[in-house]
There are 2 protein chains.
Amino acid sequence: MSDTFFVQQLRQHGYKITPQRRAIIEALAEAPLAPKASEIWEKIRQKYPDISPDTVYRNLTLLVDLGMVQQIYLRSKETSRFEVNIPHHHHLVCLKCGCYYCLEGCLVNEQDLEAAKQRGFTVIGHALELYGYCLSCQEVREEGLR
Amino acid sequence: MSDTFFVQQLRQHGYKITPQRRAIIEALAEAPLAPKASEIWEKIRQKYPDISPDTVYRNLTLLVDLGMVQQIYLRSKETSRFEVNIPHHHHLVCLKCGCYYCLEGCLVNEQDLEAAKQRGFTVIGHALELYGYCLSCQEVREEGLR
DNA sequence: ATCCTAAATAAGTTTATTCTTATTTAGATT
DNA sequence: AATCTAAATAAGAATAAACTTATTTAGGAT
């Protein structure tokens, strides 16, 4: 989870190590909790005022595809969040307020993934989010959904 | 899965039945495969030229939140697709070309969902997508990811 | 049949994200 | 150290999706 590890991983996969990539990795490592792409962008801009948002999005997606970062899809209200991916786990997402909780472990068993691989599909990763309503949004929901 | 069923469900939850909602439900029922929001919008515009895209998005989200429609997150490249939700299942999504395959059954067991409910969280549904590379994108991937 | 009110919509604005293209650069090769 | 080339970037345009607000309307009450 250190910067060095991320950089090593990128090198091993043949990607170039740019100042922008170092900055993104550094920002992710320093981030207290799963930040939004825009938060990472803002943080990096303090040091590198000219970095483009596209570069941030592109590299976050790359890190996700390489399995080093986990993307949490918060379904509307809020934008995605990015989490350093150790250990792999899933999330409970509130449809009303956009808050989320981490669940322990993985709810998908490897056996099921095999079925996918048999179709010639190379599975890189998976995303599972449970959607619903958090405790403090329950009442609101009862009004909203009658 | 008939229009009537969807309308009944909306009524039971206290939602009003508007011409726009009927049109969206009709369009979903007639769609040959999981359409994109924009495709549904275009189809409805043939009959109702003044319907706004916001109305389509809003109601698709509503149907998803009520568990009547399943949203497939295709991760970049392509936008989400919406599927009439019978039976519940998951998807294999190609990160390169955006194509997807349906998997049989649900890979998440109810027992695991209970853990979430114990936190006072009301689980409405869940979304699981397996991400990777389809057969015809494998070579491209080997170039791309070295 | 008319009225009432909260819900739903249209229109326009705003934001998040991706795409396109010209330029720059990391890292390999010489 | 200089050169080369594919990869990465910045900038700006394009798109998808959501928000804001004024107006309309579905469905219940009168």
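As a basis for the values below, the full set of heavy atoms in this structure was taken, side chains included, without hydrogen atoms, waters or symmetry mates. Letters go in sequence order (proteins before strands), and every chain restarts at 1.
- One finds a side-chain N or O of B/Arg58 lying less than 4.0 angstrom from the OP1 or OP2 phosphate oxygen of C/dT9.
- Considering every non-hydrogen atom in both A/Cys134 and A/Cys97, the closest pair reads SG-SG, 3.9 Å.
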Residue pair B/Ile124, B/Leu66: steps toward the side-chain contact (heavy atoms from CB on, under 4.5 Å) verdict: CA-CA 8 Å; B/Ile124 298 295; B/Leu66 291 175; over 6 Å; no
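- In the set D/dT9, D/dG27, D/dA16, the nucleotide with an atom closest to the side chain of B/Lys16 is D/dG27.
- A/Pro49 comes within 4.0 angstrom of no nucleic acid atom, judged by non-hydrogen atoms across all strands.
- Here D/dT25 presents its P atom at 16 Å from CG of B/Asn59, a figure rounded to the nearest Å.
- As rounded to whole Å, 17 Å separates atom C1' of C/dT9 from atom CZ of B/Arg22.
- Taking atom CD of A/Gln20 as the reference point, atom P of D/dA11 lies 11 Å away to the nearest angstrom.
- In this structure, CG of B/Asp54 is placed 8 Å from C1' of C/dA10, rounded to the nearest angstrom.
- Ring pair B/Tyr131/A/Tyr73 is tilted by interplanar angle, where 30° to 60° counts as tilted.
- Between B/Ile17 and A/Thr18, the residue anchored closer to the 5' end of DNA chain D is A/Thr18, taking for each the nucleotide with the nearest heavy atom.
- Distances shown here put every side-chain N or O of A/Tyr57 at or beyond 4.0 Å from the OP1 or OP2 atom of C/dT18.
- Rounded to an integer number of Å, the gap from CG of A/Asp50 to C1' of D/dG12 is 15 Å.
- When rounded to the nearest whole Å, the span between CD of A/Glu78 and P of C/dT17 equals 11 Å.
- Residues B/Pro19 and A/Ile51 both approach DNA chain D. Their nearest nucleotides, taken by heavy-atom distance, put A/Ile51 toward the 5′ side.
- Taking the side chain to side chain contact (heavy atoms under 4.5 Å, CB included) definition, one finds that A/Glu30 meets it with A/Glu26, A/Lys43, sequence neighbours left out.
- For B/Arg21 and C/dT9, the CZ to C1' distance is 10 Å, given to the nearest whole Å.
- When the side-chain nitrogen and oxygen atoms of B/Thr55 are compared with OP1 and OP2 of C/dA10, one or more of them lie within a distance under 4.0 Å.
- With rounding to whole Å, B/Arg11 atom CZ is found 13 Å from D/dG28 atom C1'.
- Between A/Thr79 and C/dT17 there is a side-chain polar atom (N or O) within less than 4.0 angstrom of OP1 or OP2.
- Listed nucleotides: D/dG27, C/dA8, D/dA17. Nearest to the side chain of B/Tyr15: C/dA8.
- Among B/Glu129, B/His126, B/Glu104, the one residue that satisfies the side chain to side chain contact (heavy atoms under 4.5 Å, CB included) test with B/His90 is B/His126.
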